[in-house]
2 protein chains.
Amino acid sequence: MARTVEAVLDHAAAACARRGAQLTPLRREVLRLVLEAEGPVGAYALLDRLKETRAGAAPPTVYRALDFLLEQGLIHKVERLNAFVGCAEAPHGHAGAGDGHGHPHQFLICRRCGATTEISDAAVTQALAAAAGRAGFVLHGATVEAEGLCARCAQG
Amino acid sequence: MARTVEAVLDHAAAACARRGAQLTPLRREVLRLVLEAEGPVGAYALLDRLKETRAGAAPPTVYRALDFLLEQGLIHKVERLNAFVGCAEAPHGHAGAGDGHGHPHQFLICRRCGATTEISDAAVTQALAAAAGRAGFVLHGATVEAEGLCARCAQG
DNA sequence: CCTCGGACGATATAATGTATCTCTCTGCGG
DNA sequence: CCGCAGAGAGATACATTATATCGTCCGAGG
Ligand SMILES: [Zn+2]
Ligand SMILES: [Zn+2]
Ligand SMILES: [Zn+2]
Ligand SMILES: [Zn+2]
């Protein structure tokens, strides 16, 4: 797993460089903390972990890094949780569209165990685009977060 | 317009009563403030307005009322804005499902003028339900918030 | 050398949301 | 009438999340 995270970090650094951006050591460290977390992680939880290696870290430190990672499409924000997760697709070649918006995605959030699964369902994306179009709305992005019970918790 | 708001409030009170809940004067006042706002309105903005008539109002005052109104499906929360809007369907007979979750809905949020339009698109709802089902996820509700340019702003 | 811009450090403050305890009112059983 | 339970609300304090602002450093380009 540690190997995997390092590989993703290297891949992310390359993707940033390709777009003229730079995954600095600080940003890389924050991204690592997000990826190592088991699920969505709050900015202040990240800050606490970051302080272990960077004593002077403060809220703007982590928020600036998170803003960068969001722009690069390397992480997503879960609005319902005010928390952040690594993009599930970044390691598989997508790594952000370079347009500053990431890619269309949806979250399935378990109300019991908190598991948050990223999916990228074309039908959902299309349906939303169609609905927006009918309203004359020019779509730039969307937050889609489902709440319910994950497969594991639904069994009990 | 004022007439309309009063009519909606009366309708909401009746709907609550039908479900064994009570739209108390305080809750009614908070709902009125939400409905009178031009768009999504934050809890603390509501609190400021509420203080004009209820000097002792504090954060829990407004949050408790908002929680009740959310449960009754009379308002929705816009997660991306941390703000609240009146349900666009409540005045038209729906007025909450009574199941404590409101109804499926989506928001179209204009990044330029801030206009927030509530829609209820069956195709989006179905597509999301299908995607969740394929993941073995039991869907209970969803936050769907599109960002872009409204018809008016897109023209410029 | 100069200076310009991006990244970061540092401090303070704003905005949003909860916990907890008390108090009062109301309806009801005894 | 009395005592009690439960909902609603007042009040204080606190927790969590996010931003504003200013200063410093450093490398790219002139
Ligand atoms: Zn993603
Ligand atoms: Zn679960
Ligand atoms: Zn609605
Ligand atoms: Zn607009």
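So that the names make sense, note that chain A is the first sequence line, chain B the second, and so on, each numbered from 1. The shown structure was predicted, so the numbers you read here are calculated from the model rather than taken from an experiment.
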Kindly assign one of parallel, tilted or perpendicular to the pair F107(B) and H105(B), based on the angle between their ring planes and the thresholds 30° and 60°. perpendicular

Output yes when a side-chain donor or acceptor of Q106(A) lies under 3.5 Å from a complementary backbone atom of A146(A), and no otherwise. no

Can you check the L66(A) CG to dC8(C) C1' distance for me, whole Å? 15 Å

Provide, to the nearest angstrom, the distance between the CG atom belonging to L81(A) and the P atom belonging to dG17(C). 13 Å

Quick one: on DNA chain C, does A45(B) or P25(A) contact a more 5' nucleotide (nearest heavy atom)? P25(A)

Could you tell me the separation between the CG atom of L70(A) and the C1' atom of dA18(D), rounded to a whole number of Å? 13 Å

Specify the separation, in whole Å, of atom CD of E71(A) and atom C1' of dG6(C). 13 Å

Can you identify which nucleotide, out of dG9(C), dA19(C), dA18(D), has its nearest atom closest to the R54(A) side chain? dG9(C)

With a 6.0 Å cut-off on ring centres, are H11(B) and H92(B) close enough? no

Of the listed nucleotides dT11(C), dG10(D), dT18(C), the one nearest the side chain of T61(B): dG10(D)

Measure from NZ on K51(A) to C1' on dG9(C) and round the result to the nearest Å. 14 Å

Calculate the interatomic distance between F68(A) atom CZ and dG5(C) atom P; express it in whole Å. 20 Å

Any N82(B) side-chain N or O less than 4.0 Å from OP1/OP2 of dT17(D): no

Are the charged groups of E79(B) and R80(A) less than 4.0 angstrom apart, N to O? no

Pairwise 5' ranking along DNA chain D for K77(A) and L26(B), keeping only the more 5' one: L26(B)

Among the candidates dC8(C), dA9(D), dG17(C), find the nucleotide nearest to the side-chain atoms of T24(A). dC8(C)

Under 4.0 Å, counting only non-hydrogen atoms across every strand here, what does R64(B) touch: a base, just sugar-phosphate, or nothing? base

Looking only at side-chain N and O atoms, does R27(B) come under 4.0 Å of OP1 or OP2 in dA9(D)? yes

Could R28(B) and E6(B) be called an ion pair, given the rule that one side-chain N must be under 4.0 Å from one carboxylate O? yes

Integer-rounded Å distance: dT19(D) C1' and Y63(A) OH: 9 Å

For dT17(D), is there a stacking contact with Y44(A), counting only centres under 5.5 Å and planes under 30°? yes

For atom CG of L69(B) and atom P of dA9(D), their distance in whole Å: 11 Å

